[in-house]
Amino acid sequence: MIPGPNYVYKCPNCGNLLTKGSLNSGNTFGGKLFSDGKRIAPMLPEFPDLTKCKKCNTIFWLSKLKEIGTYEWEDEENPEWQIADNAEFLNVDDYIVAIKTGIAENEEEKLIIRRNIWWAYNDRVRNNHTMFNDKEDELNWEINTKALMSLLDQTDMNQIIMIAELNRNLGNFEKCISTIKSIDDEELNWLQEKFLTECERKNKHVIELN
């Protein structure tokens with residue numbers, strides 16, 4: 001893994017500085033792929049686009065801002081940049097606020113946020129934590145799961161897999177089975193078997209695939 005430059009931005013509300021890293025190169029060695037499509041690879045870290053200012057709590061897309069500059073780790077110019085806040089991924093509650101406040105301006109952005117909510121809940125399982133904090137939290141998960149499914153393209157193979165997984169998460173095992181079996185690709189037979197096995201086990205939770 002070879003780090004790239006750090007990009008510096010200003011919060012569009014209060015002007016607080018924050019930085020976002022980048023990669024010049026990376027690889028998936030030692031990575032884990034999960035049934036919700038998320039890959040976690042230590043040599044290929046991801047950086048957030050939707051983030052929150054730590055000073056004023058404003059949520060915004062970094063890709064919609066123009067960076068005010070870049071720096072390498074060894075650079076000594078603009079020392080205030082090097083102590084700026086790091087842009088971080090949102091948590092479940094922040095993503096839900098983002099949806100409710102209309103930050104998503106189109107269907108693609110809605111899909112990105114709702115997928116990230118799904119992943120954030122599943123991260124709790126990946127980290128061996130309880131998935132839901134309370135009944136309201138579980139209801140928010142269910143609302144998001146169904147809303148995410150409605151945004152997916154049933155002609156796109158990757159999104160068909162997501163639909164199957166979301167149905168499994170909801171406990172709709174027969175629907176998951178019929179959806180995953182609808183994919184006619186011998187290279188994905190191994191994935192179909194994984195899904196079918198988990199449906200037979202009545203397992204609703206995200207699983208590691210590799």
Side-chain angles (χ1 to χ4, degrees), residues 1-34 36-127 129 140-141 144 147-148 151-152 158-159 162 206 208 210:
M1 179 180 71
I2 302 176
N6 296 281
Y7 294 88
V8 186
Y9 300 87
K10 278 188 177 181
C11 169
N13 181 56
C14 71
N16 184 47
L17 295 181
L18 69 163
T19 64
K20 175 182 175 180
S22 68
L23 287 180
N24 281 331
S25 67
N27 60 69
T28 59
F29 295 149
K32 297 179 180 180
L33 177 64
F34 294 88
D36 60 359
K38 184 170 183 176
R39 184 187 297 275
I40 300 175
M43 301 300 288
L44 194 66
E46 296 186 349
F47 303 95
D49 183 9
L50 188 64
T51 192
K52 182 173 76 169
C53 176
K54 294 182 180 179
K55 184 175 181 180
C56 70
N57 292 326
T58 299
I59 297 172
F60 50 89
W61 300 94
L62 291 174
S63 59
K64 295 185 179 182
L65 301 179
K66 181 174 177 57
E67 67 269 11
I68 63 172
T70 63
Y71 72 92
E72 305 287 346
W73 287 112
E74 66 273 13
D75 290 348
E76 295 184 359
E77 294 183 15
N78 301 302
E80 72 276 9
W81 291 1
Q82 299 193 41
I83 61 172
D85 294 327
N86 290 321
E88 296 180 352
F89 287 97
L90 303 181
N91 60 32
V92 167
D93 293 335
D94 290 332
Y95 282 123
I96 291 174
V97 168
I99 282 288
K100 290 181 177 179
T101 54
I103 288 175
E105 297 180 345
N106 52 54
E107 296 298 285
E108 181 181 357
E109 290 180 357
K110 289 178 184 177
L111 193 156
I112 289 170
I113 296 175
R114 291 202 176 278
R115 184 202 61 189
N116 284 348
I117 293 173
W118 182 36
W119 284 358
Y121 274 109
N122 285 344
D123 284 344
R124 297 175 180 178
V125 177
R126 282 183 268 263
N127 294 319
H129 297 154
N140 285 335
W141 168 84
N144 182 72
L148 173 57
L151 292 168
L152 296 173
N158 289 326
Q159 296 192 25
M162 290 175 65
V206 65
E208 185 179 340
N210 50 340

Value for OH (Y95) from CZ (F89), rounded to nearest 0.5 Å, stands at 6.0 Å
- Determine, stepwise, if the pair K10 / L17 fulfils side chain to side chain contact (heavy atoms under 4.5 Å, CB included). CA-CA 5 Å; K10 278 188 177 181; L17 295 181; 3.6 Å; yes
Please say whether more than 12 non-hydrogen atoms of neighbouring residues, nucleotides or ligands are located less than 6.0 Å from NZ in K64. yes
All heavy atoms of Q159 vs all of L151, minimum pair found to be OE1-O, 4.4 Å
Quiz item: Considering only heavy atoms from C-beta outward, does the side chain of M1 approach that of L44 to under 4.5 Å?
Solution: no
Open item on the list: Any side-chain to backbone donor/acceptor pair from S22 onto P5? Under 3.5 Å, distance only.
Closed with: yes
| task | Please answer whether the main-chain N or O of G31 pairs with a side-chain N or O of N210 as donor and acceptor at a distance below 3.5 Å. | result | yes
P45 side chain reached by L23 side chain, heavy atoms, under 4.5 Å
yes
### Query
Taking it one step at a time, do E88 and K54 satisfy salt bridge (Lys or Arg N to Asp or Glu O under 4.0 Å)?
CA-CA 9 Å; E88 296 180 352; K54 294 182 180 179; 3.0 Å; yes
So the side chain to side chain donor-acceptor pair (under 3.5 Å) pairs with at least one residue in residues 36-49 (sequence neighbours excluded) are D36-N122, D36-R126, K38-D123, D49-S63
**Message:** Taking the side chain as everything from C-beta on, heavy atoms only, tell me whether I40 gets closer than 4.5 Å to F34.
**Reply:** yes
Closest heavy-atom pair, T28 versus A41, reported as atoms and distance to 0.1 Å, is CA-CB, 4.1 Å
d(T70 OG1, W81 CH2) to nearest 0.5 Å is 7.0 Å
Between L90 and I59, is a side chain to side chain contact (heavy atoms under 4.5 Å, CB included) present by the stated rule, with each step listed? CA-CA 9 Å; L90 303 181; I59 297 172; 3.9 Å; yes
Rounded to the nearest 0.5 angstrom, the CZ-OG1 distance for F60 and T51 is 6.0 Å
The reported gap from CZ in R114 to CD1 in I99 (rounded to nearest 0.5 angstrom) is 4.0 Å
Of all heavy-atom pairs linking A98 and I113, the shortest is CB-CD1, 4.4 Å
So CG of L148 and CD1 of I112: to nearest 0.5 Å the spacing works out to 11.5 Å
Discussion item. Within a 6.0 Å radius of atom CD on E108, are there more than 12 heavy atoms belonging to other residues, nucleotides or ligands?
Written reply: no
Separation between OH (Y9) and OG1 (T19), nearest 0.5 Å, reads 10.0 Å
What one should report as the nearest heavy-atom pair of F29 and M43 is O-CG, 4.2 Å
T58 and C11 have their tightest heavy-atom pair at CB-SG, 4.2 Å
What one should report as the nearest heavy-atom pair of P3 and N24 is O-ND2, 3.2 Å
Quiz item: Do side-chain atoms of N127 reach the backbone of H129 as a donor and acceptor pair under 3.5 angstrom?
Solution: no
Keeping the roles fixed (side chain from N6, backbone from E72), state whether a donor-acceptor pair exists under 3.5 Å.
no
### Task
Kindly determine whether N140 and Y121 satisfy side chain to side chain contact (heavy atoms under 4.5 Å, CB included), including the steps that lead there.
CA-CA 10 Å; N140 285 335; Y121 274 109; 3.7 Å; yes
Inset, instruction - Could you go through the side chain to side chain contact (heavy atoms under 4.5 Å, CB included) check for N16 and D85 one step at a time? - result: CA-CA 8 Å; N16 184 47; D85 294 327; 3.0 Å; yes
